[in-house]
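I have placed the structure first, in the form of structure tokens, so that the comments after it can refer back to it.
A, B, ... follow the sequence lines: proteins, then strands. Residue 1 opens every chain.
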Amino acid sequence: MPTPFQDAVYKALLKIPKGRVTTYGEIARYLHTKAVRAVGSAVGKNPNAPAVPCHRVVLSTGKIGNYSGEGGVDTKKALLTEEGVVVVNDTILNFKDVLYTFS
DNA sequence: AACTTGACAGCAG
DNA sequence: GCTGCTGCCAAGT
């Protein structure tokens, strides 16, 4: 049973369109909190996987960040590439172009 | 109830 | 652009 905070985070994740990514900071802003760490923890637990596209969340610096699924970061990069996001090593190319800000 | 941990962000050097 | 330190809040121990 997820906490209300986690539920809010997952709900936010579902709003991310395919081929786009968002940052923990943007999610925190969307939830009206500065607890980016808490957001990261909530996503990391991800009890709703794969119902929630948790692989579309990256660092504000354009780097991939971390991943707790199959194969770790490697799979995360692969998934993003599948969705149309170009990733080199651990960095997203044209990051600002694919970034989703919950407009 | 107190302390530690964590899929981070922002700034200084 | 990279390394390191600080600040943030929720969850788990």
Side-chain angles (χ1 to χ4, degrees):
Chain A
M1 213 33 204
T3 69
F5 183 79
Q6 291 196 336
D7 193 38
V9 173
Y10 305 137
K11 194 175 178 183
L13 292 182
L14 293 173
K15 294 180 176 238
I16 308 172
K18 177 175 171 293
R20 288 282 183 81
V21 295
T22 193
T23 70
Y24 298 93
E26 286 299 320
I27 295 173
R29 187 192 302 175
Y30 174 73
L31 297 178
H32 303 97
T33 178
K34 304 132 198 138
V36 294
R37 309 283 317 263
V39 173
S41 292
V43 178
K45 306 253 168 102
N46 191 18
N48 297 29
V52 168
C54 40
H55 60 273
R56 291 179 186 158
V57 188
V58 296
L59 301 186
S60 64
T61 57
K63 295 205 106 182
I64 293 300
N66 220 315
Y67 189 67
S68 297
E70 279 300 303
V73 247
D74 185 51
T75 300
K76 182 168 180 178
K77 290 191 294 185
L79 286 168
L80 289 173
T81 303
E82 284 291 313
E83 308 245 330
V85 180
V86 185
V87 179
V88 176
N89 295 318
D90 277 5
T91 310
I92 297 177
L93 298 184
N94 306 315
F95 176 57
K96 189 177 181 179
D97 193 55
V98 294
L99 178 61
Y100 180 72
T101 57
F102 294 99
S103 17

ask   = Counting N and O atoms only, with roles assigned by atom type, does the side chain of A:Lys77 sit under 3.5 Å from a partner on the main chain of A:Asn89, one being a donor and the other an acceptor?
value = yes
Nearest listed nucleotide, side chain of A:Ala38, among C:dC8, B:dA9, C:dA10 = C:dA10
ask   = Taking any strand in view, what nucleotide pairs with C:dG1 in a Watson-Crick or G-U wobble way, both distances under 3.5 Å?
value = none
note = Re C:dC8: Watson-Crick or G-U wobble partner, both distances kept under 3.5 Å, found to be none
Whichever of A:Val36 and A:Val39 has its nearest DNA chain C nucleotide further upstream toward 5' = A:Val36
inquiry  = Does A:Ser41 reach a base, just sugar-phosphate, or nothing at all? Heavy atoms under 4.0 Å.
reply    = base
request  = Can you tell me the distance, in whole Å, between the CZ atom of A:Phe95 and the C1' atom of B:dC8?
outcome  = 12 Å
request  = Kindly point out which of B:dC8, B:dA7, C:dA11 is positioned nearest to the side chain of A:Gln6?
outcome  = C:dA11
query = Starting at NZ of A:Lys45 and ending at P of C:dA11, how long is that distance when rounded to a whole Å?
reply = 7 Å
query = Just by distance, do the side chain of A:Lys76 and the backbone of A:Val57 share a donor-acceptor pair under 3.5 Å?
reply = yes
task = Write down the distance between CG (A:Asp90) and P (C:dC2), rounded to a whole number of angstrom.
result = 11 Å
inquiry  = Using the rule that Ile, Leu, Val, Met, Phe, Trp and Tyr join whenever any side-chain heavy atoms are under 4.5 Å apart, tell me whether A:Ile92 and A:Leu59 fall into a single cluster.
reply    = no
message = On the side chain of A:Tyr24, is there an atom forming a donor-acceptor pair with the base of B:dA9 - under 3.5 Å, no angle test?
response = no
message = If we ignore hydrogens and angles and just use 3.5 Å, is the side chain of A:Tyr10 paired with the main-chain N or O of A:Ala42 as donor and acceptor?
response = yes
Side-chain (A:Asn94) to main-chain (A:Asp97) donor-acceptor, under 3.5 angstrom = no
request  = Grab the CZ-C1' distance between A:Arg56 and B:dC8 for me, whole Å please.
outcome  = 21 Å
key: Rounded interatomic separation in angstrom, taking CD from A:Glu70 and P from B:dA7   = 17 Å
message = In whole Å, I'd like the distance from the CG atom of A:Leu79 to the P atom of B:dA7.
response = 18 Å
task = Write down the distance between OH (A:Tyr67) and P (B:dC8), rounded to a whole number of angstrom.
result = 14 Å
ask   = Which whole-number value in Å describes the distance from A:Leu31 CG to C:dC8 P?
value = 18 Å
query = Between C:dC9, C:dA11, B:dC8, which nucleotide has the shortest distance from any of its atoms to the side chain of A:Asn66?
reply = B:dC8
inquiry  = By nearest atom, which of the nucleotides B:dA7, B:dA9, C:dA10 is closest to the A:Thr23 side chain?
reply    = B:dA9
